[in-house]
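Here the structure comes first, spelled out in structure tokens, and everything after it is commentary.
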Amino acid sequence: MSSTKPIPVTVITGFLGAGKTTLLNRILTENHGKRIAVIENEFGEIGIDHQLVIQSDEEIFELNNGCICCRVRGDLIRILAKLSQRRDKFDSVLIETTGLADPGPVAQTFFTDEEVKESFALDGIVTVVDAKHVSLHFDDMREVREQIGFADVILLNKEDLVSPAELAALEQRIRKMNPMAKIYRTKDSVIALDKVLNVGGFDLKRALQLEPDFLEAAGHDHEHEHEHCEDPNCEDESHHHHEHDEEHHDHHHAEDVTSVGIRAKGELDEKKLSEWLGELLRTKGQDIFRMKGVLAVKGRDMRFVFQGVHMLMDGKPDRPWGNDPRENAIIFIGRNLNRAELNEGFKSCLV
Amino acid sequence: MSLRPINFVWHAKLDDFNTSLAWSSDGTRLAAGSVSGQVAIYDVASGKALHVLENAHEDGCDAVAWRPDSKALATAGRDGKWKLWDAVEGKVLVEHEAGAMWTEHLAWSTKPIGERGHLLAVGAGKQVTLWNEQGAASGEPLKPQKTVTDLAWIMGGTTLALATSTEVIVHDPADGDERVFQAKDPILAMAFSPSGKWLMTGNQDATIHVWQTDSDAQMHMRGFPAKVRQLAWHRGSRWLATGGGPSIAVWDCSGKGPEGRMPLLLEGHTEPVSALHYQPAGDWLASGARDGGLAIWSPTQRENQISRAKIASGVTRVAWSPDGKLLAATGEEGEVQVLAVE
């Protein structure tokens, strides 16, 4: 039985023509010396020899064990099982999805299949966005919004093809949908490899490191960010109409993919929390793409960190609170999230 | 309980994880293939490697299958090809692309299909192609909607069955007749009883599904700790052994079938079972586990474990010789072990 460290897997998503294959080729070129297996869902132009490139057809397995969210990628399970047989294992695996792929089943594959979990660990979802053309697809392509919602890293690619004002507006719009992701502006998908590989997007140990980022991005108490208010206490839809002219696509549009960040001082009641979260994931899990949090639970000395995809949640106690003031930070990214309900529900769990 | 001693007859080693293992039908040759692409043909009597075919398939070999005359070996692998080898000379007779990046499944019909002779079915991606004994294409390919996950000749060896994640297709190559069994759970492995009465599938969501082929009856068994990929029928079509965890369940399929009956549980492995095979002409079941454990069982006896042994790494395949006197097992580090129970 293999007892070695899981091989990190990076998923590259993005709409057709956004620059996924360019990024893939760049990683393969610059990462020479490492053994990388590439799983591709459409024929890309892989320009590098001596790499294992496996073509695959997206095949969704619907598991009937009672959970509607248990959609996994059967093709990936099959391919990864075969790859894990090799003695000279790979340093990493890159999965390039089709432009229309739903990242949910890809991510869930790494949390539900025992054999896959044994040998592989999902490191991050990188979404490449065509800064020039994405606005054309934003509203009518659900997949584009999902791919942004799921991302750990977003490349605003082709930055050279749009004006700085357009780019700023786009970044702001994307930030609102997914405040958790790191956003980089790129041209020809040029990016330092350490920004896209080994990002630890699903690593609980790094959930704390992310804390300042997502709290800030969630817009809590940031008065200067009035244009995209994410204040958990603010339900005023009129904020969405403060947008400037250059962002006319967004003008009359409330995003269906959005984020809700909640921050609350104090301690949580463990029983109430687990009931609320359980019920939330059961009823709304389908619409929750990603979630992360750091929680202070009454009677527990340690910070509780967790992350999740749809209905699947992974959590554990982390480091002790010590003398730090106890507070909670939690973020949800998903579709049609009800900010008021989430806030109210979470706060009802406070002691 | 006293276990019978094991005679380790001979062993050999390939250079990486062994994916495939097959006895020739005359029992004189054994072939094994590894994920490195190496394929070896052994003389069973001496344990000597007659041929070691280096890089038979670039990026790995996934299947080996003897032509029923025992004189030629078909191999398939991750170069997308299948090859027919002269087993005496160790040379390629023919090689063909099979229609996908990986060619994963091979099965020879156990009986001739009319004038076409014995046919080889080759499964690659969403395609199954048929070839004759000389390695020439014979008939139209089958094109299921999804990737082929399992392939076998059933009903005495003249009818082809293939599984994908969503269905099992039974195809009669003589007249092209097809029958389809739609599945609810994603299928990983399929096994028809030798009688043809029962079709069982082992599934991704830790279940097995059962069809009674002569009626519309279906059954569904849950409660396995892991997905079920190991299915082995007893020759009498009464007993089906299943893996899906460290315990082996043996289901009684007499009469109305296994639903509502407690299976016999064979306990002894401490790690998940990775391979199962019943003696072709006897009553013993061989099992292998991911910790290298091997066990031989006589499931219906009260003291059901007959013997046990171990190889160095996890067991990948077990196979009884046609006469059931020898057991071959392969391992994750390339082991090929032939043993006999005294």
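Please read these numbers as outputs of a predicted model, since none were measured by experiment. So you know, we letter chains A, B, ... as the sequences are listed, proteins then strands, and number each from 1.
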> Given that the side chain runs from C-beta out, which part of B:Thr207 has a heavy atom under 4.5 Å from chain A: side chain, backbone, both or neither?
Replying inline: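 Looking at B:Thr207, nothing touches chain A.
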Check the surroundings of atom [atom1] in [X]: do more than 12 heavy atoms from other residues, nucleotides or ligands lie under 6.0 Å from it?
| X | atom1 | value |
| --- | --- | --- |
| A:Lys117 | NZ | yes |
| A:Lys34 | NZ | no |
| B:Gln145 | CD | no |
| B:Glu140 | CD | no |
| B:His11 | NE2 | no |
| B:Asp216 | CG | no |

> Do the charged groups of A:Glu115 and B:Arg229 touch, with an N to O distance under 4.0 Å?
Replying inline: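 The answer is yes: the pair qualifies as a salt bridge.
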>> Looking at B:Arg290 and A:Glu118, is there a salt bridge between them, counting it only when a charged N and a carboxylate O are closer than 4.0 Å?
In response: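 Judged by the 4.0 Å cut-off on N to carboxylate O distance, A:Glu118 and B:Arg290 do form a salt bridge.
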> Just by distance, do the side chain of B:Arg78 and the backbone of A:Lys82 share a donor-acceptor pair under 3.5 Å?
Replying inline: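 Side chain of B:Arg78 to backbone of A:Lys82: a pair is present.
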> When you look at B:Trp102 and A:Ile79, which way does the side chain to side chain contact (heavy atoms under 4.5 Å, CB included) test go after all the steps?
Replying inline: CA-CA 10 Å; B:Trp102 287 353; A:Ile79 289 168; 3.8 Å; yes
> Which one of B:Thr316, B:Thr19, B:Asp62, B:Thr166 has the most heavy-atom pairs closer than 4.5 Å to chain A?
Replying inline: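 The option with the most such pairs is B:Asp62.
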> B:Thr149, B:Leu188, B:Asp15, B:Asn203: which one forms the most heavy-atom pairs within less than 4.5 Å of chain A?
Replying inline: B:Asp15
> Is chain B contacted by the side chain of A:Asp57, its backbone, both, or neither, given a heavy-atom distance below 4.5 Å?
Replying inline: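 Just its side chain gets close to chain B.
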>> Need one label for A:Gln85: side chain, backbone, both or neither, based on atoms under 4.5 Å from any heavy atom in chain B.
In response: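 Both backbone and side chain.
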> Heavy atoms, side chains only, cut-off 4.5 Å: are A:Leu52 and B:Asp59 in contact?
Replying inline: yes
> Can you name the closest pair of heavy atoms from B:Lys227 and A:Ile77 and give their distance?
Replying inline: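 Scanning both residues completely, I find the closest heavy atoms to be NZ-CG2, 3.5 Å.
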